[in-house]
Structures are given as structure tokens and as C-alpha cells.
Peer 1: 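Got a structure for you, questions after.
Model, not experiment: these values are computed from the prediction.
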Amino acid sequence: MFSYILLFLSSIPFLYPDSNLKLENKIYIIIITSGLFSYSILGLISLGLIHLDSSRFPIRIISFLIFLLTILFTKDSLKIYSTIKNFLLLEFIKFQNNFRVLNQKKFLFLIVILLILITLSSIGPINHPDSLDYHVGYPYQYWLQGKFFIDGGLAQALMGAGDYAHLAFVQEKTIWLIRYLQISNLPIISLFFINNIKNKLYIIGFLTSSTFIQWSTIGKPLFLGESSCAIAYILWRQSKDNLSRRLLLICMISCISIKISSLIVCTPIFIDIFIETFLNKRNDLQNKISILKNILFDRSILLSITLLLFILYTRFKIIGNFAYPLLTNIFNKNDILIKNFTEFISGYQRDGLFPLNIFLPISFSDIASSLGPGIFLIILLLIINTLKENYKKTNTLFYVCLTQIILLIMFCQGRADYYAMPLIISIYYADNLNLFFRKNLLKISLNISIFIQLVLIIGYLLFSINQNILSILDYEKTMIQSSYG
């Protein structure tokens, strides 16, 4: 975690604009992108050391040198940190002012309590089979052996930049913070929501989605990347300026480097950026060429692309397929084991009442892998709202969100933890539903649905916190009793 914090502090001045722009809400996108970018860079450093058979070399030394060089060679780096601090203080004052509104006070208390519970549930040992096998298992083995190796395991080539970044946590003996890292941006996302969404009940609906049990407690690199992309996309859609577009592109490339399945939800955003930037009649040809040059020669974008290419090269070296687990019919068509494995993971939980199980738990075991009835109702009403004649031409943000949901249903596993990006966009856009909820029946239905989510997630979070406490008291006994698989 020490290495990640140093890289995060280094990323802020690195990504901060050189010109004196009027930043306003763009500070949010700088912080969010820095958190994700530093995670991917940590993965790049770790992967480089592994390939050099030097995985025992302390990553914190490299991270400290990067931080030191950033402070020394970045103009006004201390002033940048001061600007970030002052912005966050102002946003926190806005948050405090919300407590003066009587009907919002109870929601804000609930939001704070939920954030505390989710955070406490995330600090604990890795006890999920996938995480033990390759998300953390392989970085641990790389550290033990001190070098790169290929053991023939089909899961080894699934590793992304986030998984390789866990090598630093292994070195620093902070494995218990790997789970927390995935939701480390949740406070800033919640602050953004509180100060930008009028009806705080929607934020409660977001935080009570039982999928947070997956995101906060299993140690898979899912939430941090896609949630960062969602906020970056929302902010770019607001301003459509060069800085926001640049940071959004960095977020998406980093996100794909961390989890290749993120390509599914990033594709509609790439298309939207292309249409808005290069097919927009307001931009003349010279301006379009200038934008393209800025994108192609931006140092942070080039660094993100380098990481992505390094990850793809590593996958090809391990299993002969740079896009694994995609394109196996081309690169691995003669390997029956690989074919069967990829068919299994691509079809995981896509049986029974799929895709209904993404939104509503069909059985008790599905509770922690569904978005929840409140979220289902919000998304359903957003679709109805969008189909109204008055909104058809203006709802680009939600059209992209809806496209993401459709693509996930078509091509992804039947698990709700892949839906972080459309979930966040839906919650941000939900203020458009306030007219709907003037009707008593719909309002009561939403309140009951979110109350059910609240009861379920508090129960799960308290159980997880209890397991974490027991792990502190008697680690071996608790792991034997509670580890999955």
C-alpha cells in the first residue's frame, strides 16, 4: 500500500494540466484518474520486475524515487497539492451544508454509516478461491520464486495490471489492504454524488446494492477501474473539454489493462468520444487534427498504452493468445482444455433466469451477486423515461449506459459485479426520475426496495466485519472455517 500511495501522490502532478484552466469539478476527474493510473503503473513496475526475474526487489524504492523526482521536476507540485486540498475542503463544506436540510439529514447519516461499514468489511484477509488462485496467488508465487515462470495454469494468463500490482502488497506485507484498494475511491465518488444529486435516496440505493459485498471483500480488481471510468465519463460529458477527454482515455486504457472484459463497457464510450470529437461539425478539420495529435503524443496516454501492450505481450508469452480469454477459436483452436475453460468462464451463471438474476436475487446464494430490486426499479424507470418523445435526442449519457447493459448481457458472465459502470451512470442520471416518484405507488415501491437492500447489505457487512475481527484473533482457525473453495 505504501508504494501505491507514493505513486498516487506522483500521479496527481503528472496528470495535472500545465495551463491555468478553470478546473472546477475537473479536480474530481484528476483525483479519480490518478487513483486508477497509479494502480496500473504499480502493475507495470511489478510486471517489469517479474520479467527481469527481480520480483523480490523492493517496489517501494522505485515508487519513492518516482515520487521524489516528481516533486523535484514538476513545477508548482506543492501548489497543486494545495489546490486539491482546498477543493476537497470546499466540497466537504458543501457536504456539511446538506445536513441543514431536514429531509436529507437521515439519508446523509445512512450514507456515512454505510461508507464506514463497507470500509471496515474490506480490510481483511484474502479468502476467495479466485483471488487465492491467481489475483493474489500468482503475485505471491512470483515473490516466492523471485522470477517469471509459466506453470501451465489456465488462470495465469487471465492476470491484468491490477493483479500484478498486488506484488507490491505481498512485498510490503499489506495483503489485508488489497480488498480495501478496490473501494478506495468510494468516498470521493460518494462526495461527488452527494454534492451533485438532489435526491440522496438514490445514493442510498447505490451503496446498498448487495454487489458491494463482492466488490469490497473478495480482492478482485473490478470496482476501482470501472467506477473511475464512470465518473470520468460523466464529467467529460458535462464539459467535453480536452483535459476531461484526455483523462477519460487514460482511465479507459488503464481499466482495460486491469481487466480485459472492461473492453465491453468501454467500447460505447470510445464510440461516443469519437463521434463527439471527430464527427462533430463544430470542430473544423484543423482542430480535429490538432486534437488527434494531442491524443497520440500525450505522455500519460502513451504510458497507459505501453502498459496495455506489455500485458498483452505477457498473455501471449504465457498462453499464445494476447487477447485471452478472447479469440481462443483463432489462437488456441487446437487446445481442448483452453477451449473448455473459456467456454465455462464465459457462460458462468448465464443459465436459469439470466439476465433477471443480475438485478434480482433468484435464490439466497444470488443475493451478493445481484444489483438489487431498488436498482432494478431505477434502471427500468430510466428506460421508460428515456423512451418518452421529449427526451429521445438528449439522453446520450443514458443511451451509452443502456448500451453497456445490453453488451454485458450479451457477452459477459452472469455476475452483477461487472455492472459498476452502468450502475454509477444510472444513479447519477436518476434525478431525472423525480417526477415519477411523485406518484405514491412508485415512491413506496422504491422505498421498500431500497429498505430491503439496506437490511441485506448491513447483515452481510456485519458478518464480514465479524470475520475480519476473528481473523485478527485467530487467523488460521478463521481461514479454515471461512475461506471459500
Peer 1: When you look at L235 and K26, which way does the side chain to side chain contact (heavy atoms under 4.5 Å, CB included) test go after all the steps?
Peer 2: CA-CA 7 Å; L235 291 169; K26 294 181 184 68; over 6 Å; no
Peer 1: How are the rings of F192 and Y428 set relative to one another: parallel (under 30°), tilted (30 to 60°) or perpendicular (over 60°)?
Peer 2: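 Ring orientation, 0 to 90° scale: parallel.
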Peer 1: Step by step, would you call S471 with W176 a side chain to side chain contact (heavy atoms under 4.5 Å, CB included)?
Peer 2: CA-CA 11 Å; S471 297; W176 277 38; 3.7 Å; yes
Peer 1: Name every donor-acceptor pair, under 3.5 Å, that has one atom in a side chain of residues 56-65 and the other anywhere in the protein, sequence neighbours excluded.
Peer 2:
residue, atom, partner, partner atom, Å
R56, NE, W143, O, 3.1
S63, OG, I59, O, 3.1

Peer 1: Are the side chain of S210 and the backbone of S370 linked by a donor-acceptor contact shorter than 3.5 Å?
Peer 2: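 It does hold such a pair.
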Peer 1: In terms of the angle between their ring planes, are F223 and W215 parallel, tilted or perpendicular, with boundaries placed at 30° and 60°?
Peer 2: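 Rings of F223 and W215: tilted, 30 to 60°.
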Peer 1: Has K106 got more than 12 heavy atoms of other residues, nucleotides or ligands less than 6.0 Å from its NZ?
Peer 2: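 Not buried by this count: 12 neighbours or fewer within 6.0 Å.
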Peer 1: Keeping the roles fixed (side chain from N185, backbone from I32), state whether a donor-acceptor pair exists under 3.5 Å.
Peer 2: no
Peer 1: Is there a side chain to side chain contact (heavy atoms under 4.5 Å, CB included) between I231 and I29 once you walk through the steps?
Peer 2: CA-CA 7 Å; I231 298 298; I29 194 172; over 6 Å; no
Peer 1: What closest approach, in Å, do F322 and L312 show between heavy atoms, and which atom pair accounts for it?
Peer 2: O-CD2, 3.1 Å
Peer 1: Within the distance-only criterion (no hydrogens, no angle test), does the side chain of Q453 pair as donor or acceptor with the backbone N or O of G205 below 3.5 angstrom?
Peer 2: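 Checked: pair present.
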Peer 1: Indicate yes or no for a side-chain donor-acceptor contact from S40 to the backbone of F37 under 3.5 Å, with no hydrogens or angles considered.
Peer 2: yes
Peer 1: Using only atom types and a distance under 3.5 Å, with no angle test, would you say the side chain of S209 pairs donor to acceptor with the backbone of L371?
Peer 2: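 Flag set: sc S209 to bb L371 pair under 3.5 Å.
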Peer 1: Would you please name every residue forming a salt bridge (Lys or Arg N to Asp or Glu O under 4.0 Å) with K240, sequence neighbours left out?
Peer 2: E276
Peer 1: Between Y313 and H51, how do the two ring planes meet: parallel, tilted or perpendicular, split at 30° and 60°?
Peer 2: tilted
Peer 1: For F278, does the CZ atom have more than 12 heavy-atom neighbours from other residues, nucleotides or ligands under 6.0 Å away?
Peer 2: yes
Peer 1: For the side-chain contact (heavy atoms from CB on, under 4.5 Å) test, which of I41, L42, I66, L167 pairs with S3?
Peer 2: L42
Peer 1: Is the backbone of G219 close enough, under 3.5 Å, to the side chain of H135 for a donor and an acceptor to pair up by distance?
Peer 2: no
Peer 1: Would you say N294's side chain and S290's backbone share a donor-acceptor pair under 3.5 angstrom?
Peer 2: yes
Peer 1: Between Y81 (side chain only) and L9 (backbone N and O only), is there a donor and an acceptor less than 3.5 Å apart?
Peer 2: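 Checked: pair present.
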Peer 1: Just wondering, do M1 and F169 contact through their side chains at under 4.5 Å, heavy atoms?
Peer 2: yes
Peer 1: Report, one line per pair, each donor and acceptor closer than 3.5 Å where one atom sits in a side chain of residues 261-274; sequence neighbours left out.
Peer 2:
residue, atom, partner, partner atom, Å
S262, OG, E226, OE2, 3.0
S262, OG, K259, O, 3.1
T267, OG1, L263, O, 2.6
D272, OD1, R237, NH2, 2.8
D272, OD2, Y233, OH, 2.5
D272, OD2, R237, NE, 3.1
D272, OD2, R237, NH2, 3.2

Peer 1: Decide yes or no for L158 and P325: does some side-chain heavy atom of the first lie under 4.5 Å from some side-chain heavy atom of the second?
Peer 2: yes
Peer 1: Got I45 and L7 here, is their nearest side-chain heavy-atom distance under 4.5 Å?
Peer 2: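 Touching, per the 4.5 Å side-chain cut-off.
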Peer 1: Any heavy-atom pair between the side chains of T74 and Y16 that's under 4.5 Å?
Peer 2: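 Side chain of Y16 against side chain of T74, heavy atoms only: no contact under 4.5 Å found.
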Peer 1: Could you tell me which non-hydrogen atom of P17 sits nearest to which non-hydrogen atom of L243, and how far apart they are?
Peer 2: CG-CD2, 3.9 Å
Peer 1: For S464 and T217, run side-chain hydrogen bond (donor to acceptor under 3.5 Å, both in side chains): C-alpha distance rounded to whole Å, both residues' side-chain angles, the deciding distance at 0.1 Å, then the answer.
Peer 2: CA-CA 8 Å; S464 178; T217 65; 5.1 Å; no
Peer 1: Can you tell me if Q96 has over 12 outside heavy atoms packed within less than 6.0 Å of its CD?
Peer 2: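 Yes, because the 6.0 Å sphere around CD of Q96 holds more than 12 heavy atoms from other groups.
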Peer 1: Side chains of P125 and N468: does their closest heavy-atom pair fall under 4.5 Å?
Peer 2: yes
Peer 1: Could you walk me through whether I116 and L120 pass the side chain to side chain contact (heavy atoms under 4.5 Å, CB included) test, one step at a time?
Peer 2: CA-CA 6 Å; I116 292 170; L120 291 175; 3.9 Å; yes
Peer 1: At their closest point, which heavy atom of I379 faces which heavy atom of F359, and how far apart are they?
Peer 2: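 Taking I379 first and F359 second, the nearest heavy atoms are CD1-CE2, 4.0 Å.
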Peer 1: Is there side-chain contact between I260 and I311, with at least one heavy-atom pair below 4.5 Å?
Peer 2: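 I260 vs I311: side chains apart.
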Peer 1: So, Y460 versus F463, ring centres under 6.0 angstrom or not?
Peer 2: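 No.
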Peer 1: How far apart are the C-alpha atoms of Q182 and Y39, what are their side-chain angles, what is the distance that settles it, and do they pass the side-chain hydrogen bond (donor to acceptor under 3.5 Å, both in side chains) test?
Peer 2: CA-CA 10 Å; Q182 291 311 309; Y39 188 38; 3.0 Å; yes
Peer 1: Is a side-chain donor or acceptor of D298 paired with a backbone partner of I295 at a separation under 3.5 angstrom?
Peer 2: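 A pair under 3.5 Å: no.
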Peer 1: Report the residue from V112, I111, I113, L117 that forms a side-chain contact (heavy atoms from CB on, under 4.5 Å) with L115.
Peer 2: I111
Peer 1: So, for S184 and Y4, which heavy atoms are closest and what is the spacing to 0.1 Å?
Peer 2: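 For S184 and Y4, the tightest heavy-atom pair comes out as OG-OH, 4.3 Å.
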Peer 1: Tell me the closest heavy-atom pair linking L446 and G374, and the distance in Å.
Peer 2: CD1-O, 4.0 Å
Peer 1: Between atom CG of D241 and atom CZ of R246, what is the distance when rounded to the nearest 0.5 Å?
Peer 2: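 So the gap between those two atoms works out to 11.0 Å.
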Peer 1: With a 4.5 Å limit on heavy-atom distance, are the side chains of N385 and L381 in contact?
Peer 2: no
Peer 1: So does L224 get a backbone contact from the side chain of S227, meaning a donor-acceptor N/O pair under 3.5 Å?
Peer 2: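 Present.
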Peer 1: Counting only heavy atoms from other residues, nucleotides and ligands, does the tally under 6.0 Å from CZ of F310 exceed 12?
Peer 2: yes
Peer 1: Would you mind reporting whether L36 and I258 have side-chain heavy atoms less than 4.5 Å apart?
Peer 2: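 Side chain of I258 against side chain of L36, heavy atoms only: contact under 4.5 Å found.
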Peer 1: Which heavy-atom pair separates G160 from D163 by the least distance, and what is that distance?
Peer 2: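 Result for this residue pair: N-OD2, 2.8 Å.
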